[in-house]
Amino acid sequence: MIAEQVCRRMDPERSKIELIATRMSGAIHKGDLGIIIAEEILKYSVFELQVIGGRLNLEIERLPEPYRHKIRGYFRDQIFGAHHVLLSRYRSGAFRRLTEPFREPELFSSYCLMIPDGCTAWDEDMWKNPEIWSPKHRLFYYLIAAFTMFVEDLPGHPVGMPFPGGLVVEKRGKEYFCPIREKEKDVFFSICNFCPARQTQ
């Protein structure tokens, strides 16, 4: 019954997501994209942000210790730390002064094309309340990642973020390196495929 309700919500929500992705793809430069993303993020209610935070906490709690303890802060910084920076820059007017072009315009276009399918390709088996989770919540994740990777030119996962095996996301000079950068090529909706970091050798 719940699955049917989620499916019924999917089509109109996908149409809205497609419009947002199209709006993003029309951004002329980084500042333009920053404004678009911030305006879309500001449409999320406090309750929706709580649901997103609850989902993030659930994903963290499913991880084994001691890895869970090590990574908790990085996951939160990846989503809500970037959320804070985004809105601070928007409210200060910083994006209106940012006219720098995109690092890789074609990669950015591919990212925008991926978003609608990425928002509807997920597994809800682990989520105890699928009736309150929707593609719009997944969109939040992609909006934040777009800000991080295409406006800030930062890795999708924060510098210092650890992964199993002891490797971490690193900054060496002006370049970033990630141990999983090229590990998820078969997962079309993974942000790793669009990240400015290079694969750790």
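Here, residue 1 is the first one in the sequence, and each next residue gets the next number.
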- [ ] Examine the side chains of N57 and R76 and answer whether a donor and an acceptor come within less than 3.5 Å of each other.
- [x]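 Their side chains do contain a donor-acceptor pair, which is all the 3.5 Å distance test asks for.
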Heavy-atom side-chain proximity of [X] to [Y] below 4.5 angstrom:
X    : Y    : value
L143 : M24  : yes
P101 : H29  : no
P179 : V168 : no
K136 : E48  : yes
Q50  : V46  : yes
D117 : F188 : yes
L154 : M149 : no
V169 : F163 : yes

Look up atom [atom1] in [X] and atom [atom2] in [Y], then write down how far apart they are to the nearest 0.5 Å.
X    : Y    : atom1 : atom2 : value
I180 : S190 : CD1   : OG    : 6.5 Å
L56  : L49  : CG    : CG    : 12.0 Å
I36  : I41  : CD1   : CD1   : 13.0 Å
I37  : L87  : CD1   : CG    : 11.0 Å
I17  : S134 : CD1   : OG    : 7.0 Å
E18  : L113 : CD    : CG    : 10.5 Å

Mind listing the closest non-hydrogen atom pair of [X] and [Y] along with its distance?
X    : Y    : result
C195 : G156 : SG-N, 3.4 Å
G118 : R138 : O-NH1, 3.5 Å
V187 : N193 : O-ND2, 2.9 Å
A82  : T148 : CB-OG1, 3.8 Å

TODO: Following the transitive rule for hydrophobic clusters with a side-chain heavy-atom cut-off under 4.5 Å over Ile, Leu, Val, Met, Phe, Trp and Tyr, establish whether L42 and V151 coincide in one cluster.
DONE: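 Yes, L42 connects to V151 through the hydrophobic network.
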- [ ] State plainly whether one hydrophobic cluster holds both Y141 and M161, where clusters connect Ile, Leu, Val, Met, Phe, Trp and Tyr through side-chain heavy atoms under 4.5 angstrom apart.
- [x]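 Yes, Y141 connects to M161 through the hydrophobic network.
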Can you tell me if [X] uses its side chain to pair, donor with acceptor, with the backbone of [Y] under 3.5 Å?
X    : Y    : value
H157 : C178 : no
R181 : T200 : no
Y142 : M114 : no
Y176 : V159 : no
Q199 : E182 : yes

- [ ] Decide if atom CZ of R96 counts as having more than 12 heavy atoms of other residues, nucleotides or ligands within a radius under 6.0 Å.
- [x]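 Check fails, neighbour count at 12 or below.
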- [ ] Determine, stepwise, if the pair Y44 / I52 fulfils side-chain contact (heavy atoms from CB on, under 4.5 Å).
- [x] CA-CA 10 Å; Y44 284 79; I52 291 165; 4.2 Å; yes
Task: Selection residues 25-47 - residue pairs positive for salt bridge (Lys or Arg N to Asp or Glu O under 4.0 Å), sequence neighbours left out - done: R23-E39, R23-E40, K30-E100, K30-D153, E40-K43
Open item on the list: Looking at R68 and E65, is there a salt bridge between them, counting it only when a charged N and a carboxylate O are closer than 4.0 Å?
Closed with: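 Yes, this pair counts.
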Does [X] have any ring-ring contact (aromatic ring centres under 6.0 Å, His included) partners at least two apart in sequence or in another chain, and if so, which?
X    : value
F95  : none
F75  : none
F194 : Y111

TODO: May I have the step-by-step check of salt bridge (charged side-chain N to carboxylate O under 4.0 Å, His left out) for E61 and R72, ending in yes or no?
DONE: CA-CA 9 Å; E61 290 306 313; R72 179 179 279 113; 2.7 Å; yes
Task: Output field: ring centroids F102/F108 closer than 6.0 Å - done: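 F102 vs F108: aromatic centres under 6.0 Å.
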Open item on the list: Would you say the ring centers of F147 and H83 fall short of 6.0 Å from each other?
Closed with: no
Task: Test side-chain contact (heavy atoms from CB on, under 4.5 Å) applied to R198 - qualifying residues, sequence neighbours left out - done: E175, F177
TODO: Write out all pairs satisfying side chain to side chain donor-acceptor pair (under 3.5 Å) with one or both partners inside residues 84-93, taking only residues at least two apart or from two chains.
DONE: R89-E152
